Amino acid sequence: MATLNNKVKAFIVQGLATYMTPSEVAQAVKEEFDIVVTRQQVSFYDPSKAAGLTLSKKWADLFKQFRDDFNNDIQAIPIANKAYRMTMLNRMTIDAEKSKNKPLAASLLEQAAKEMGEVFTNKQKLDHQSSDKSMTPVVNNFNGDAQAASQAYQDIMGGK
């Protein structure tokens, strides 16, 4: 098992806190520091897992700080930004067109149109009116007045 300095340990904690798998972190450590670590060794730095239950307070606090920062700053992830996604789609479309891959280019153009039209959002626009406005719903707001609501119900139902 490789002996790790604080810089490598902090790198591992940050990777795990940002939802990288132990395998991904081990590979990143090899690429960044040219140190071979096992998945099991990496797992010791994740206080949310059984292997990391004995992790020192210093590293557990750092993990929590990285996790909180990561979860609270979604805009720090480039793909969460619409302008970044459109720029990336634009580059891919240009590359697809250069390579004469028309089906891919068409697919990317469709994706860009959907992105601009907010197809992948939870926004829904509901229109409850007929085209000639003759069937526009009446909105009654009784603001907690049970008697007014009861009277309106009786009027609608033709009751007493």
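As the structure is a prediction and not an experimental result, all values here were calculated from the model. We count residues from 1, following the sequence as given.
- Taking the charged nitrogens against the carboxylate oxygens, Asp68 and Lys64 do have a contact shorter than 4.0 Å, which makes a salt bridge.
- When all heavy atoms are compared, the tightest approach of Ala10 to Phe66 is O-CE1, 4.1 Å.
- Residue Ile94 is not grouped with residue Met116 when hydrophobic side chains (ILVMFWY) are merged at heavy-atom distances under 4.5 angstrom, including chains of intermediate members.
- With rounding to the nearest 0.5 Å, the separation of OH in Tyr45 from CG in Leu16 is 10.5 Å.
- When the shell of 6.0 Å around CD of Glu97 is examined, it contains 12 or fewer heavy atoms from other residues, nucleotides or ligands.
- With hydrogens and angles ignored, the 3.5 Å screen pairs a side-chain donor or acceptor of Thr93 with a backbone N or O of Leu89.
- For the 3.5 Å distance criterion, the side chains of Ser99 and Asn101 fail to qualify, holding no donor opposite an acceptor.
- Distance alone, capped at 3.5 Å, is enough to place a donor-acceptor pair between the Arg67 side chain and the Ala17 backbone.
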Discussion item. Apply side-chain contact (heavy atoms from CB on, under 4.5 Å) to residues Lys49 and Ser43 and explain how you reach the verdict.
Written reply: CA-CA 8 Å; Lys49 303 286 189 246; Ser43 295; 5.9 Å; no
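- Pairing each heavy atom of Ala105 with each of Ala96, the nearest pair is N-CB, 3.9 Å.
- In this structure, Val37 and Ala26 approach most closely via the heavy-atom pair O-CB, 3.5 Å.
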Item to complete: Could you please spell out the steps behind the side-chain contact (heavy atoms from CB on, under 4.5 Å) verdict for Phe33 and Ile12?
Response: CA-CA 11 Å; Phe33 299 101; Ile12 291 171; over 6 Å; no
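- Across all non-hydrogen atoms, the minimal contact from Ala51 to Phe44 is O-CD2, 3.3 Å.
- Between Val25 and Gly15, the closest heavy-atom pair is CG2-C, 3.9 Å.
- Here the straight-line distance linking atom NZ of Lys9 with atom CG of Leu55 works out to 9.5 Å at 0.5 Å rounding.
- The minimum heavy-atom distance between Phe63 and Ser48, with the atom names listed, is CZ-OG, 4.2 Å.
- In the model, Gln147 has no side-chain atom that pairs as donor or acceptor with a side-chain atom of Gln151 under 3.5 Å.
- Side-chain atoms of Glu24 come within 3.5 Å of backbone atoms of Thr21 as a donor-acceptor pair (strictly under, hydrogens ignored).
- Connection of Tyr84 to Leu109 is not established within any shared hydrophobic cluster, with ILVMFWY side chains joined at heavy-atom distances below 4.5 Å, either directly or through further cluster members.
- With sequence neighbours excluded, no residue satisfies side chain to side chain donor-acceptor pair (under 3.5 Å) with Lys58.
- For Asp61, the side chain to side chain donor-acceptor pair (under 3.5 Å) criterion is met by Lys57, not counting sequence neighbours.
- The backbone N or O of Ala80 lies less than 3.5 Å from a partner atom in the side chain of Arg85, making a donor-acceptor pair.
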